[in-house]
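Reminder, nothing fancy here: chain letters follow the sequence lines and each chain counts from 1.
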Number of protein chains: 2
Amino acid sequence: MPGSTRELPHPDAADLLLTDVLFALSDPARLEITRRLAEGPLEVAACQPTGGDIPKSTLSHHLKTLREAGVVRNVPHGRQRYVSLRRDDLEQRFPGLLSAVLHATPAGEQSAARAASDATAGPGPGPAQR
Amino acid sequence: MPGSTRELPHPDAADLLLTDVLFALSDPARLEITRRLAEGPLEVAACQPTGGDIPKSTLSHHLKTLREAGVVRNVPHGRQRYVSLRRDDLEQRFPGLLSAVLHATPAGEQSAARAASDATAGPGPGPAQR
DNA sequence: CCGATAGTTCCATGATTTTCGAACTATTCG
DNA sequence: CGAATAGTTCGAAAATCATGGAACTATCGG
């Protein structure tokens, strides 16, 4: 039982380029995918940004861009694949970047309050920004 | 004595889009310009990434992209213009993002050490990453 | 073995971006 | 005023990116 082939190439953590990472995250669809992955690994089909309307090939291309930039890892798992955020590698290489991106709020919001440190955890779920 | 016209449009801090900012910073030349501006405002010509080889129009376009994303402010000043980083607006809108970007180290470096918190301030000047 | 499933890769098309010369505009200096 | 300076904007060509259908590959279920 040879380890399954179908491995895709991933850049080493030390070789990640900031511009590539920023570019990968600069697309709304890819950013959305990244946010979704922040909650845990997903199979490719589950990365679908909205409902379930974008074609397989397009989704696969976006994942490829994210993978080549080093944002995401894509490993074969049986007949499907698991996609996961390379959190630790990104944090090591670009400290604070990923969390800054993930914590961003949508355009119009974030009005007042939140001055200093609002002790008790926020009410709703995590924020999101297009 | 009418206030000088030649004002260029800038998006409000609250309207900045994360994807636009990430995109603006995802280009090597624009990232370099941004780094240069981190040390203080500059007149347009002084933003030149390398020596002084890129055409005026190209530089102007890069600055336009940065300005429209809200990364930079460009104000008329006599016969020239001053370009400056919108640090506070960016920090307010996307906490931690700019500093994460500015602190990134180049690809191959950052080998060992720097494990925990290396108390004494670093020796050389700030890092830079292509 | 035969299908169905889950994805990637190939290929073509259209949309953005990048780049840069040239024209244009405002402002200062002599 | 007229020339020089500092930049923006226009326009066009080249490169890159995005999208999605179709073909291809591997794995699992029966």
**Q.** Atom-to-atom span, CD of A:Q48 to C1' of C:dG7 - whole angstrom
**A.** 13 Å
Q: Say whether B:R81 and B:N74, considering side chains only, have a donor N or O and an acceptor N or O under 3.5 Å apart.
A: yes
Q: Figure out the NE2/P separation between B:H10 and D:dT8, and round it to whole Å.
A: 10 Å
Q. Distance-only, no hydrogens or angles: does the B:E7 side chain make a donor-acceptor pair with backbone N or O of B:P76 under 3.5 Å?
A. no
Q. Rounding to a whole Å, what distance do you find between B:R6:CZ and D:dA6:C1'?
A. 13 Å
Q. Quick one: which of B:V101, B:L97, B:L17 gives a side chain to side chain contact (heavy atoms under 4.5 Å, CB included) with B:L22?
A. B:L97
Q. Roughly how many Å is it from CD in A:E7 to C1' in D:dA26, rounded to a whole number?
A. 13 Å
Q. Taking only side-chain nitrogens and oxygens of B:N74, does any of them come within less than 4.0 Å of OP1 or OP2 of D:dT8?
A. yes
Q.
Just the rounded figure in Å: distance from P of C:dT8 to CD of A:E43.
A. 12 Å
Q) Within this structure, what is the CG-to-P distance between B:D27 and D:dC17, rounded to whole angstrom? A) 11 Å
(Q) Quick check on contacts: within residues 58-68 of chain B, what sits under 4.0 Å from DNA chain D by heavy-atom distance? (A) B:S60, B:H61
Q) Between A:R81 and D:dT27, does any side-chain N or O lie under 4.0 Å from OP1 or OP2? A) no
**Q.** Euclidean distance, atom NZ of residue B:K56 to atom C1' of D:dT9 [Å, nearest integer]
**A.** 12 Å
Q: Considering just the side-chain nitrogens and oxygens of A:R79, establish if one lies under 4.0 Å of OP1 or OP2 belonging to D:dT25.
A: no
Q: Give a yes or no answer on whether the side chain of A:R67 reaches the backbone of A:V72 with a donor-acceptor pair at less than 3.5 Å.
A: no
Q.
Just to verify, what does B:P55 make a side-chain contact (heavy atoms from CB on, under 4.5 Å) with, not counting sequence neighbours?
A. B:S57, B:T58
Q.
Using every non-hydrogen atom in the two residues, find where A:Q48 and A:D53 come nearest and quote the distance to one decimal.
A. NE2-N, 3.5 Å
Q.
Apply side-chain contact (heavy atoms from CB on, under 4.5 Å) to residues B:L66 and B:V83 and explain how you reach the verdict.
A. CA-CA 10 Å; B:L66 287 168; B:V83 182; over 6 Å; no
Q | Length of the OH-P vector between B:Y82 and C:dT27, whole Å | A | 16 Å
**Q.** 5'-most by nearest nucleotide on DNA chain D - B:L8 or A:F23
**A.** B:L8
